[in-house]
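Presented below is the structure to which this report refers.
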Amino acid sequence: MNKINLKNPIHLFAFGFGSGLIKPAPGTWGSVAGMIIAILLWNLTASPLFFMVLTIISFIAGCYICEKASQDLGVHDDGRIVWDEIVGIFLIFAFLPQYDTLFYILTFVTFRFFDILKPYPIKSFDQKLKGGLGIMFDDILASVYALITIYLLSWVMFSITY
């Protein structure tokens, strides 16, 4: 197929509602879209449980969505597929220690850092796992690394202030 069609629901989600088509750095724009969606949903629900359920459903659906979009493009893990970044942000929102501007900035910066750097074992999983699961899983690991970092920074910041 090799053509992106945002009228196709698979493509609409896979390309992050069009954010993955923005150049340069589509992954960063996908993360921005994820942040906007997460903040809006947090303001509506204020529920970590909601984000846990949303992450699980979005991850499972994302494995199919990313696989199908990759097949349509004929390229595994095309950089414009950013649903994985959006779901990664959802996971972080499920476990944030606080929901304010500082933690939103920490979420974005730490997630992008680990998603781009891909420290061990993220890079290994990224190279070995194929298909939709492979596309989704490396961003879940980047989210876990980001959460660990956010909690460590939070602990240091609060230890200093008290």
Can a donor-acceptor pair be found, under 3.5 Å and without considering hydrogens, that links the side chain of [X] to the backbone of [Y]?
X    : Y    : answer
K68  : I65  : no
K130 : Q127 : yes
H11  : I4   : no

Could you please spell out the steps behind the side-chain contact (heavy atoms from CB on, under 4.5 Å) verdict for L141 and F114? CA-CA 9 Å; L141 287 177; F114 290 114; over 6 Å; no
When rounded to the nearest 0.5 angstrom, what is the spacing between [atom1] in [X] and [atom2] in [Y]?
X    : Y    : atom1 : atom2 : value
F51  : I92  : CZ    : CD1   : 11.5 Å
I89  : T107 : CD1   : OG1   : 6.5 Å
I60  : M136 : CD1   : CE    : 10.0 Å
D77  : C66  : CG    : SG    : 8.0 Å
I105 : T110 : CD1   : OG1   : 11.5 Å
I116 : F111 : CD1   : CZ    : 9.5 Å

Looking at side-chain heavy atoms only, is the closest gap between [X] and [Y] below 4.5 Å?
X    : Y    : value
L21  : L6   : yes
F90  : I56  : no
H76  : I135 : yes
P119 : I122 : yes
D72  : N8   : yes
V82  : S19  : yes
T55  : F93  : no

Shared-cluster residues of V53, by chain and number - hydrophobic side chains joined below 4.5 Å: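 Other cluster members: L49, I57.
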Do other residues, nucleotides or ligands put more than 12 heavy atoms under 6.0 Å from F108 CZ?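 Counting other residues, nucleotides and ligands, CZ of F108 exceeds 12 neighbours.
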For K123, look at atom NZ and say whether over 12 heavy atoms of other residues, nucleotides or ligands are found less than 6.0 Å away. no
Closest non-hydrogen atom pair between G131 and E67, with its separation: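 For G131 and E67, the tightest heavy-atom pair comes out as CA-OE1, 2.7 Å.
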Show the nearest heavy-atom pair for residues A14 and A69, with the distance to one decimal. CB-CB, 3.6 Å
Hits for side chain to side chain donor-acceptor pair (under 3.5 Å) against N43, two or more places apart or cross-chain, chain-then-number order -> none
Per-pair distances, 0.1 Å, donor-acceptor, side chain in residues 33-41, under 3.5 Å, sequence neighbours excluded:
none

Residues two or more places apart in sequence or in another chain: which of them pass ring-ring contact (aromatic ring centres under 6.0 Å, His included) with W29?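 ring-ring contact (aromatic ring centres under 6.0 Å, His included) list for W29, sorted by chain: empty.
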Walk me through it: do L133 and F59 pass the test side-chain contact (heavy atoms from CB on, under 4.5 Å)? CA-CA 9 Å; L133 178 62; F59 178 83; 3.7 Å; yes
Does the pair I140 and L91 meet the rule for a side-chain contact (heavy atoms from CB on, under 4.5 Å), with working shown? CA-CA 7 Å; I140 294 300; L91 175 60; 3.9 Å; yes
Donor-acceptor pairs under 3.5 angstrom involving side-chain atoms of residues 145-158: please list them, not counting sequence neighbours.
unit_1 : atom_1 : unit_2 : atom_2 : d
Y145   : OH     : Y120   : O      : 2.3
T149   : OG1    : Y145   : O      : 2.9
Y151   : OH     : F95    : O      : 2.5

In F103, Y104, Y99, the residue satisfying ring pair (Phe, Tyr, Trp, His ring centres under 6.0 Å) with W42 is Y99
Under the side-chain hydrogen bond (donor to acceptor under 3.5 Å, both in side chains) definition, can you give me all pairs with a residue in residues 83-98, not counting sequence neighbours?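 Sorted pair list: Q98-D100.
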